[in-house]
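Okay, structure first, notes after.
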Number of protein chains: 4
Amino acid sequence: MTGDRRPGRPRSEATRRAILAAAIDELTERGYAQLSVEGIAARAGAGKQTIYRWWPSKADVVLDAMLDEAASLIAVPDEGSLAADLAGFLVDTFRQRGQRPVLVGLMAEALLDPVFAVQFRDRFLFGRRDALRTVLARAADRGEIAADVDPEMLLDIVFGVLWYRLLLDHAPLDEEAGRQLATLVVRAAR
Amino acid sequence: MTGDRRPGRPRSEATRRAILAAAIDELTERGYAQLSVEGIAARAGAGKQTIYRWWPSKADVVLDAMLDEAASLIAVPDEGSLAADLAGFLVDTFRQRGQRPVLVGLMAEALLDPVFAVQFRDRFLFGRRDALRTVLARAADRGEIAADVDPEMLLDIVFGVLWYRLLLDHAPLDEEAGRQLATLVVRAAR
Amino acid sequence: MTGDRRPGRPRSEATRRAILAAAIDELTERGYAQLSVEGIAARAGAGKQTIYRWWPSKADVVLDAMLDEAASLIAVPDEGSLAADLAGFLVDTFRQRGQRPVLVGLMAEALLDPVFAVQFRDRFLFGRRDALRTVLARAADRGEIAADVDPEMLLDIVFGVLWYRLLLDHAPLDEEAGRQLATLVVRAAR
Amino acid sequence: MTGDRRPGRPRSEATRRAILAAAIDELTERGYAQLSVEGIAARAGAGKQTIYRWWPSKADVVLDAMLDEAASLIAVPDEGSLAADLAGFLVDTFRQRGQRPVLVGLMAEALLDPVFAVQFRDRFLFGRRDALRTVLARAADRGEIAADVDPEMLLDIVFGVLWYRLLLDHAPLDEEAGRQLATLVVRAAR
DNA sequence: GTTTAAGCGAGACGGTACGTCTCGTCTTGAA
DNA sequence: TTCAAGACGAGACGTACCGTCTCGCTTAAAC
């Protein structure tokens, strides 16, 4: 029942991949601020129009590239206690190296472009958030979260600290920090 | 011994103020993404060179304009308990209306320009952070913070949630949120 | 038994006509400078490739459209005297209204594209030229043209003035002008 | 007495010359159809905006370059007879070598862009036309032109043949052609 | 009172990248 | 084999700003 073929030449999967790869390469080599649609197209051996045909801005290209790469990295730990699950989630998240420039660049773009901000939030940020919300829901079932505590605020604490350190780069985002934050959140939840 | 007047025409205070005012006006009218040195200069009736002579980038102009306006707003509450002080600080902070676009723009710039990031952090962010650190120090003296709790992590929780909500705009930054966060932080600190 | 049928789908006459009609329509509506193969194809409901398969450039399409329309308009007057024949030819030629934009556009293309220039000259310009050459030959037989006069130069005078006024649009191309020019050419020929 | 200095940095004469020279060079090397503002700017070592600041289109650049070069080439011969003056004018005009591509390109542009057409006609074509009109006026004073002959039509004959041969390139534009045309025009004028 | 040394407005300059446009080619499935 | 549809690489278009560079003119202290 997949006969909904559109007429005309179909989109080139090879070109799509070349563009996403070029975006990542340019980004890691020259940084987000120096990223340009022109540069991505040139490196990908593609025309600029081919990029504009499928993505509204360079940020959307980068976001797609990110999601393409890290498709299934959002693991939902389930080790029986909030403390263990949280520590696992944070340590796991912090372990991803080299992503800081990309994440920071995407956030900058989201701050400057409200249209992209929606994409960024819904397709990227809320994916991770949903994973952690599941963890909290299980903890609530186990009675580890007091009734008067809004789980959304707990989520904001976890991701707030994470992004705050990521953006400001004033304090480490390592396993030790992960464990420390997990401990505090468990206490705050009661 | 302030007689070390330099030769030549002195800097025009009127122009300085006109530029800062024009920056704020342009920003509120057209948003940070649409802000340009050219536009600020035109609105201020100033030459571009006059801006570049005194500020390295448009972000520095905006930062100066911010600091000029909100010079003395960082109050350090002292009401005898961490809960009261925290709630006071947060409610006071959240009360500032209309600042979101400016703050978001400055953060975006800081993420894209490492040189400006230092300015932003040291002259703006750390000012607020120091105020809250004082509050926490007093609470520690009163024994409201457990010995194994790193106050810096508590600071990151408070400012993390604050900035996370400010940047994502997915949840309110109102008095209720301030009280809720204060309660959780007090519990986390023990 | 003209069995020289080629295999495959035969060329669509309907499409051919639709393309020529679309070219004329686009041209009169938006002018030659705004003419594009893309636009012609879209208006004709044809694919771009169908145009490129049969015509090397948009100018060739327009030239074909012109020749298709004005197939048999080149009358060769024969009234017994050079003066009468010339006046007849010119008045007849000048009577064609609304052709200026098309002719001017074709000439512009010919000036920019040497390959098309050959088509334009041989298939269009020289057709008219041959007609007038016949008139002159008859006049020469009647002794109306001096032996030392090169008929080709007389042709260039007639078509030169015609095109010069057509292109520059600085003086009228009407019946009065036709008669005036005819008189001068007759005198020049002796 | 000419103290009407405008404020701001004055226009760079060196850059102006570099752009005009680059235009001529590009044109002779690659032809009018391949001429691009981008190419002129690159060869001149100038920014594109600098070109667009002073000329509305590439054709205006080329026209300026032409006029700059051939500033004073329009000689008005005066040898005592229409035949001699005309022959002189034509032979002189035809002698200019290598100008054909430039002239043809400018004419093509004029045909496609009505705004430029006015510039081309008034600043270039009518200059030459005025020169020849002077010649004809003197001939009329000497009685070499019949009263019923419109001198403007004689002008159109001369320039018509000239441009017709220039554009079509089907017959030579040499001294012999010049003399031949002069003879015919003299006879036509009576 | 002149000289010297900036600061100032204006605006031209060489650049970079933008997002759009059209070119001529290529690649589908249907006719 | 042609056709409509439409994606593709290429590259010029004209615009917006960037940060720098002259200009002539103030403005004030130093001489």
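Just so it is clear, the model here is predicted, and its values are computed rather than measured. Just so it is clear: chains get the letters A, B, ... in the order the sequence lines come, proteins before strands, and each one is counted from 1.
The side-chain tip of B:K58 points at the ring of B:Y32 from less than 6.0 angstrom away and within 45° of straight on. Taking the centre and axis of the six-membered ring of A:W54, the NZ or CZ atom of A:R17 falls outside the cone set by 45° and 6.0 Å.
Here the P atom of nucleotide F:dA4 and the CZ atom of A:R6 are 19 Å apart, to the nearest Å. Distance B:E109 CD to F:dC18 P: 10 Å, rounded to the nearest Å. As a whole-Å value, the separation of A:I40 CD1 from E:dG19 C1' is 14 Å. Nucleotide E:dA17 holds its P atom 18 Å from the CD atom of B:E38, rounded to whole Å. Between B:W54 atom CH2 and E:dA6 atom P the separation is 11 Å, expressed in whole Å. Here the P atom of nucleotide F:dC8 and the CZ atom of A:R16 are 11 Å apart, to the nearest Å. In this structure, B:Q34 atom CD and F:dT15 atom P are separated by 18 Å, rounded to whole Å. The nearest whole Å value for the distance from the CD1 atom in D:I19 to the C1' atom in E:dA12 is 11 Å.
For C:R9, counting side-chain heavy atoms from C-beta on, the closest listed nucleotide (E:dA17, E:dC13, F:dT1) is F:dT1. Distances were taken from every side-chain heavy atom of C:K48 (C-beta onward) to each of E:dC23, F:dT20, E:dT20; the shortest belongs to E:dC23. Closest to the side chain of B:K58, from the set F:dG9, F:dC18, F:dA7, is F:dC18. When distances run from any side-chain atom of B:Y52 to the nucleotides F:dC8, F:dG19, E:dC18, the shortest one goes to F:dG19. Here the side chain of A:R53 is nearest to one of F:dT20, F:dC8, F:dA4, namely F:dC8.
For the pair B:D64 and B:R123, the salt-bridge criterion is met [side-chain N within less than 4.0 Å of a carboxylate O].
Comparing D:V37 and D:Q49 against DNA chain F, the residue whose closest nucleotide sits nearer the 5' end is D:V37. When the nearest nucleotides of DNA chain E are assigned to D:S12 and B:T50 by heavy-atom distance, the more 5′-ward of the two goes with B:T50. Position along DNA chain F of the nearest nucleotide to C:G47 versus D:G39 favours C:G47 as the more 5'-ward residue.
Between B:T15 and E:dG9, a side-chain N or O to OP1/OP2 separation shorter than 4.0 Å is present. A sub-4.0 Å separation between OP1 or OP2 of F:dA12 and a side-chain N or O of D:S36 is absent.
At a threshold of 4.0 angstrom between heavy atoms, the contacts of A:G45 are confined to the sugar-phosphate backbone, with no base atom among them.
Looking only at distances, a side-chain donor or acceptor of D:R100 sits under 3.5 Å from a matching main-chain atom of D:L167. The backbone N or O of D:A46 lies less than 3.5 Å from no partner atom in the side chain of D:T50, so there is not a single donor-acceptor pair.
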